[in-house]
2 protein chains.
Amino acid sequence: MMHPHIKATESELEILNILWREGPVTVRQVHEALSATKEAGYTTTLKLMQIMLEKNLVSRDASRKVHVYTAAIDQGRMKGQIVQRMIDNVFSGSAMQLVMQALGNQRTSPEEIEMIKQYLDEKQNIAGA
Amino acid sequence: MMHPHIKATESELEILNILWREGPVTVRQVHEALSATKEAGYTTTLKLMQIMLEKNLVSRDASRKVHVYTAAIDQGRMKGQIVQRMIDNVFSGSAMQLVMQALGNQRTSPEEIEMIKQYLDEKQNIAGA
DNA sequence: CATGTTCTACGAATCAATTCGTACACAAAT
DNA sequence: ATTTGTGTACGAATTGATTCGTAGAACATG
């Protein structure tokens with residue numbers, strides 16, 4: 001199996017999102033990105049990332065003084081798992097219920113709705129081909 | 001505000017799901033339902049539900065010896081919040097990304113896809129009216 | 001009414017996540 | 001060479017969730 005430990009806490013996910021978005025980065029960069037949103041101490045961020053290293057959520061290049069971290073798991077894979085867990089735990093296994101909740105819930109732009117419809121059309125065509 | 005404390009842990013959500021599904025129930029009934037899925041001690045379940053009472057996630061009728069619990073928060077409201085949080089935290093605020101992840105992720109039946117499309121049509125008509 | 005069963009209440013142990021202080025390494029600048 | 005700045009490492013405190021043992025109330029049954 002490629003990814004032995006696949007589970008991340010809320011905080012770890014925040015950091016992973018930064019890694020996915022900004023590519024290989026230092027602790028300081030991550031910390032700065034986090035600070036944009038929330039209050040956070042530098043060593044707290046550092047510790048979190050060290051723990052994530054132990055969990056193999058990230059890898060790092062420690063050949064220089066300033067270590068450079070990279071996400072060690074695939075974004076799509078991780079998000080897929082999260083969504084699947086939510087479908088199972090919250091929506092009794094029905095993806096449709098989740099989708100409707102997500103769309104009904106908030107104001108999604110007409111453009112986005114159009115894109116989703118197109119996506120569904122393609123999905124139907126492939127399935128029905 | 002109707003619902004002061006709106007946040008539930010994973011375990012609490014499991015219990016809420018039972019309450020929503022099975023209506024007013026006793027601790028024993030909840031415990032039995034939980035046991036179907038997972039290992040759980042009776043007093044553990046009891047304690048959890050007592051804590052949920054403090055958090056106002058549930059209410060109870062304690063007029064008799066055996067207390068009867070009811071969910072104190074609306075299912076749709078709670079699930080909406082959970083989904084919204086996931087959209088914000090995991091999908092940078094885009095409901096569409098979540099929807100596509102959810103649908104791409106797993107096999108959704110053609111009927112369900114059809115229902116979603118109809119739902120989207122209605123949504124468009126209302127918006128465009 | 002004595003006994004066994006079923007319940008609630010509650011304190012305390014455990015476990016995990018998070019936070020932060022402190023120590024020490026290294027390098028650049030004075 | 002000393003000082004200053006920026007890093008990593010790591011132990012320990014804190015906080016929150018979960019688990020469970022134990023005690024005592026309520027009640028049914030013989």
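Here is the naming used below: chain letters follow the sequence lines, and residue numbers restart at 1 for every chain.
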Next item on the list: Figure out the CD/C1' separation between A:E12 and C:dT18, and round it to whole Å.
Entry: 10 Å

Notebook entry, point to check: Are OP1 or OP2 of D:dT18 and a side-chain N or O of B:T44 less than 4.0 angstrom apart?
Noted result: no

Margin query: Side-chain heavy atoms nearer than 4.5 Å, only ILVMFWY residues, links allowed to pass through others: does that put A:V58 and A:V68 together?
Written below: no

Notebook entry, point to check: Could you state the CE-P distance from B:M49 to D:dA17, rounded to the nearest angstrom?
Noted result: 17 Å

Item checked: Contact summary for B:I51 and B:E12, nearest pair of heavy atoms -> CG2-OE2, 4.1 Å

Using a 3.5 Å cut-off and no angle test, enumerate the donor-acceptor pairs between side-chain atoms of residues 34-47 of chain B and protein atoms at least two apart in sequence or in another chain.
from	atom 1	to	atom 2	distance (Å)
B:S35	OG	B:H31	O	2.7
B:K38	NZ	B:E14	OE1	3.3
B:T45	OG1	B:G41	O	3.3

Next item on the list: Side-chain contact test, heavy atoms from C-beta onward, threshold under 4.5 Å: evaluate it for B:N17 versus B:M78 and give yes or no.
Entry: no

Check: How would nucleotides 1-16 of chain D be written as a contact map, 5' to 3', with B for base contact, S for sugar-phosphate-only contact and - for no contact, using protein heavy atoms under 4.0 Å?
Finding: -----BSBBBB-----

Item checked: Spacing of A:E14 atom CD relative to C:dT18 atom C1', expressed in whole Å -> 12 Å

Next item on the list: To the nearest Å, give me how far apart NZ (B:K7) and P (D:dA17) are.
Entry: 8 Å

Notebook entry, point to check: Please give, in whole Å, the distance from C:dC10 P to B:I51 CD1?
Noted result: 12 Å

Notebook entry, point to check: B:L57 has an atom CG; how far is it from atom C1' of D:dA17, in whole Å?
Noted result: 13 Å

Next item on the list: Report yes if some heavy atom in the side chain of A:L103 is under 4.5 Å from a heavy atom in the side chain of A:I113; otherwise report no.
Entry: no

Next item on the list: Could you check how far CD of B:E10 sits from P of D:dA17, rounded to whole Å?
Entry: 13 Å

Next item on the list: Mind calculating the distance between CE (A:M52) and C1' (C:dA16) to the nearest angstrom?
Entry: 16 Å

Next item on the list: Could you pull out all residues at least two apart from B:D121 that satisfy salt bridge (charged side-chain N to carboxylate O under 4.0 Å, His left out)?
Entry: A:K117

